[in-house]
2 protein chains.
Amino acid sequence: MPDDQTGKTVTDRTLQATDSTPVVQRPYADALSRLKQVGLRPTRQRMALAKLLFDGGDQHITAENLHGMARKAAVKVSLATVYNTLHQFTDSGLLREVVVGPGRSYFDTNTHDHHHFYVEPAGELVDIPVDSVELSRLPTPPDGTVMDRVDVIIRVTRP
Amino acid sequence: MPDDQTGKTVTDRTLQATDSTPVVQRPYADALSRLKQVGLRPTRQRMALAKLLFDGGDQHITAENLHGMARKAAVKVSLATVYNTLHQFTDSGLLREVVVGPGRSYFDTNTHDHHHFYVEPAGELVDIPVDSVELSRLPTPPDGTVMDRVDVIIRVTRP
DNA sequence: TCAACAGTTTAAAACAATTCTAAACTGGAA
DNA sequence: TTCCAGTTTAGAATTGTTTTAAACTGTTGA
């Protein structure tokens, strides 16, 4: 079935497969430790979603998108749960939300300090490593507020 | 009627009023010239919206917001037209769209190079003058793309 | 082992912001 | 004036997300 429309190839093995059968060895170890880390109960759905999210390297994913991936992976999860989970993960620091357009928000599995290119009109996000942007002289926040984070989004187009 | 809920006081006079009657003298001069500038037909609705937008100094406005302002100013415009107009103005460079959250986008009457504080959870936008942010070392855009613009949004909260 | 309950998931409805549609209207050229 | 492309409109449709209320499931402690 060569119809990987989602774009990302998910690497399933955490240990080397030892024979021709592509049996996964300890596929949930990472997902489990992440959930424990932030104190979320490791339910079937959360585990599966965590695996999809964090086993695939750095990804920029929408809710619909992840829901589709779950479907393809034969994981039964409702869209509402996908939303719940994405927000719980975001709130506990496992994910970062990146807003690029009205009605368009991505969840980024890379929570380290970095910025983004946003390719329009494709709607594609591309990471920019921290050290290739230098922000000097940040302003002081308005009275009574504290700085939470700085988002730099460089909008680019294909001419 | 002292119920100016929208927050912005719009200055109507472009010339001094000459008697006690608050009759506006050339209230549409600026709106008209802006529309001509970008080649949009000066219709009743566009003129009225342009006036609301550009006579009030720098503003961050949502579509619903502007629709409400029009209502209060006794201007009959549909919400669909407000959206159309905001996008036409944006496309022709009269406005700039600032996206801060999923399903939350503002139109900024200040089209000069500048950045924003976004105060959460109030959802309030505050201008940052260009020269109080210094961006050095910008990355080169992905192959086949050209840089359109750089958005810096500093998210702040009231603790 | 099991009862019990808080936490979780779910389908479905509700919601908010925005866009679309098809018909009515209008500014301006001829 | 007439005419027509451009514009506006009400209302429906769409999109993305959240809420609701009921069913389910992990975990705890007897």
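So you know, we letter chains A, B, ... as the sequences are listed, proteins then strands, and number each from 1.
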(request) Check whether any side-chain nitrogen or oxygen of A:Gln45 sits under 4.0 Å from OP1 or OP2 of C:dT10, and answer yes or no. (result) yes
(message) What is the separation between atom CG on A:Leu86 and atom P on D:dT17, rounded to the nearest whole Å?
(response) 9 Å
(request) Take atom CZ of A:Arg41 and atom P of C:dC5, then tell me their distance rounded to the nearest Å. (result) 14 Å
(request) Whole angstrom is fine here: how far is it from CD in A:Gln88 over to C1' in C:dG7? (result) 10 Å
(message) What is the distance, to the nearest angstrom, from the NE2 atom on A:His67 to the P atom on D:dG16?
(response) 14 Å
(request) Would you confirm whether B:Glu120, through its side chain, and B:Arg155, through its main-chain N or O, come within 3.5 Å as a donor-acceptor pair? (result) no
(request) Rounded off to whole Å, could you give me the CG-to-P distance for the A:Leu35 and C:dG7 pair? (result) 17 Å
(message) As a quick check of understanding, evaluate side-chain hydrogen bond (donor to acceptor under 3.5 Å, both in side chains) for A:Asn110 and A:His60, giving each step before the final call.
(response) CA-CA 8 Å; A:Asn110 177 0; A:His60 304 112; over 6 Å; no
(request) Establish, with yes or no, whether the OP1 or OP2 oxygen of C:dT8 is under 4.0 angstrom from a side-chain nitrogen or oxygen of A:Arg46. (result) yes
(request) Answer with yes or no whether the side chains of B:His116 and B:Asp127 bring together a donor and an acceptor at under 3.5 Å. (result) yes
(message) In whole Å, I'd like the distance from the NZ atom of A:Lys76 to the P atom of C:dT8.
(response) 18 Å
(request) Take the protein atom CG of A:Leu40 and the nucleotide atom P of C:dA6, then report the distance between them rounded to whole Å. (result) 19 Å
(message) Is the phosphate of D:dG26 approached by A:Thr43 (side-chain N or O, under 4.0 Å from OP1 or OP2)?
(response) no
(message) Please tell me if B:Tyr83 has a side-chain N or O lying less than 4.0 Å from either OP1 or OP2 of C:dT18.
(response) yes
(request) With DNA chain C as reference, determine whether B:Pro42 or A:Leu79 sits nearer its 5' end, using the nearest nucleotide of each. (result) A:Leu79
(request) Give a yes or no on whether the backbone of A:Leu138 and the side-chain of B:Glu134 come within a donor-acceptor separation of less than 3.5 Å. (result) no
(request) Taking only the side-chain nitrogens and oxygens of B:His87, find out if one of them lies under 4.0 Å from OP1 or OP2 of C:dT19. (result) yes
(request) Check the distance between C:dA17's P and B:Leu66's CG and give it to me in whole angstrom. (result) 15 Å
(message) Does D:dT7 have its OP1 or OP2 closer than 4.0 Å to a side-chain nitrogen or oxygen of B:Thr85?
(response) no
(message) Taking the nucleotide of DNA chain C with the nearest heavy atom to each, does A:Ser78 or B:Thr62 sit closer to the 5' end?
(response) A:Ser78
(message) Could you tell me if A:Glu97 and A:Ser105 have a donor-acceptor pair between their side chains, going purely by distance under 3.5 Å?
(response) yes
